[in-house]
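Each remark here refers to the structure printed beneath this line.
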Amino acid sequence: VGRAGQLLTKIIESIGLSRQDVFICNVLKCRPPGNRNTLPGEIQNCEPYLFRQLELVQPKVICALGTFAAQTLLKTTATISSLRGKFYEFRGAKLICTFHPAYLLRNPQDKRKTWEDMKMIRTELDR
């Protein structure tokens, strides 16, 4: 939503897709009260729903946007900078991590890195 959502639309369109071509989902299915940090139990409660969504959609590629999504899916504490730029096997799909659009609004110097990740997605989709 907002400026981050508009940037996400531009990122998606940059590789020849539209928002209608992709399935967007969140690790958490609701925002924690006061927008506080997520508790581990909240992630555990939402994971079955997330994994069922992915099972039904059967994506070829999953793009984890931001630290929270990347660390949750890959079960790691590694930084997004160290996770991005490569594919991981994830439940029968290729998973790539990149910066969240809200982060990019605050750190536009990292847009080039996100563009590189998006080109990798396009190449994978074209296979």
Side-chain angles (χ1 to χ4, degrees):
V1 297
R3 289 179 54 226
Q6 292 168 354
L7 180 55
L8 177 58
T9 298
K10 289 179 183 177
I11 290 168
I12 292 167
E13 290 172 347
S14 76
I15 59 169
L17 299 173
S18 72
R19 292 272 305 238
Q20 291 74 32
D21 295 323
V22 301
F23 182 78
I24 299 172
C25 59
N26 294 302
V27 172
L28 288 187
K29 304 309 174 189
C30 60
R31 192 175 280 275
N35 202 24
R36 64 162 164 69
N37 287 338
T38 305
L39 301 174
E42 292 168 332
I43 296 169
Q44 291 171 347
N45 288 338
C46 293
E47 275 185 338
Y49 188 86
L50 172 66
F51 294 154
R52 181 67 176 140
Q53 285 180 302
L54 295 174
E55 181 183 313
L56 291 170
V57 173
Q58 296 183 346
K60 183 176 179 181
V61 175
I62 298 169
C63 182
L65 296 172
T67 301
F68 179 73
Q71 289 178 342
T72 298
L73 293 176
L74 293 174
K75 304 290 186 211
T76 185
T77 58
T79 66
I80 190 68
S81 293
S82 67
L83 295 171
R84 60 153 298 278
K86 57 188 166 241
F87 281 106
Y88 302 85
E89 292 297 322
F90 184 83
R91 296 179 174 243
K94 300 279 187 174
L95 169 69
I96 192 167
C97 307
T98 198
F99 298 107
H100 193 282
Y103 168 86
L104 293 173
L105 290 172
R106 296 185 309 274
N107 300 276
Q109 71 277 4
D110 284 331
K111 285 183 179 180
R112 164 102 19 234
K113 293 175 184 174
T114 298
W115 169 237
E116 295 301 322
D117 297 335
M118 293 300 106
K119 290 191 301 186
M120 290 175 63
I121 291 172
R122 180 75 266 170
T123 298
E124 184 64 29
L125 291 173
D126 288 342
R127 286 187 187 172

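Bear in mind the structure is a predicted one, so any value in this text is a computation, not a measurement.
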Main-chain N/O of [Y] paired to [X] side chain as donor or acceptor, under 3.5 Å:
X	Y	result
R122	M118	no
Y88	L83	yes
K86	S82	yes

Salt bridge check: are K113 and E116 linked by an N-O gap of less than 4.0 Å?
-> no
Would you indicate whether D126, at its atom CG, is surrounded by more than 12 heavy atoms from other residues, nucleotides or ligands within a distance under 6.0 Å?
->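 Enclosed: over 12 neighbouring heavy atoms sit under 6.0 Å from CG of D126.
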Counting heavy atoms not belonging to R36, are there more than 12 under 6.0 Å from its CZ?
->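 More than 12 within 6.0 Å, yes.
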To the nearest 0.5 Å, what is the distance between [atom1] ([X]) and [atom2] ([Y])?
X	Y	atom1	atom2	value
N45	L50	CG	CG	13.0 Å
L54	I62	CG	CD1	4.5 Å
L104	Q109	CG	CD	9.0 Å
C46	N26	SG	CG	9.5 Å
E47	E42	CD	CD	12.5 Å
L125	M120	CG	CE	12.0 Å

Is [Y] reachable from [X] through a run of hydrophobic residues whose side-chain heavy atoms are each under 4.5 Å from the next?
X	Y	result
L65	V61	yes
F23	I121	no
V57	L95	no
L74	F51	yes
L105	Y103	yes

Per-pair distances, 0.1 Å, donor-acceptor, side chain in residues 1-15, under 3.5 Å, sequence neighbours excluded:
residue : atom : partner : partner atom : Å
T9      : OG1  : G5      : O            : 3.1
T9      : OG1  : R19     : NH1          : 2.9
S14     : OG   : I11     : O            : 2.6

Kindly write out the residues that satisfy ring pair (Phe, Tyr, Trp, His ring centres under 6.0 Å) with F68, not counting sequence neighbours, or none if the list is empty.
->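 Result, ring pair (Phe, Tyr, Trp, His ring centres under 6.0 Å) vs F68: none returned.
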Could you verify whether a donor N or O on one side chain and an acceptor N or O on the other, from S18 and D21, lie under 3.5 Å apart?
->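 On atom types as modelled, these side chains qualify, holding a pair under 3.5 Å.
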[X] versus [Y], closest heavy-atom pair with distance:
X	Y	result
K60	E124	NZ-O, 3.0 Å
P32	T38	CG-OG1, 4.0 Å
D117	C97	OD2-O, 3.6 Å

Given K29 and Q53, is the side chain to side chain contact (heavy atoms under 4.5 Å, CB included) satisfied, shown in steps?
-> CA-CA 12 Å; K29 304 309 174 189; Q53 285 180 302; 2.6 Å; yes
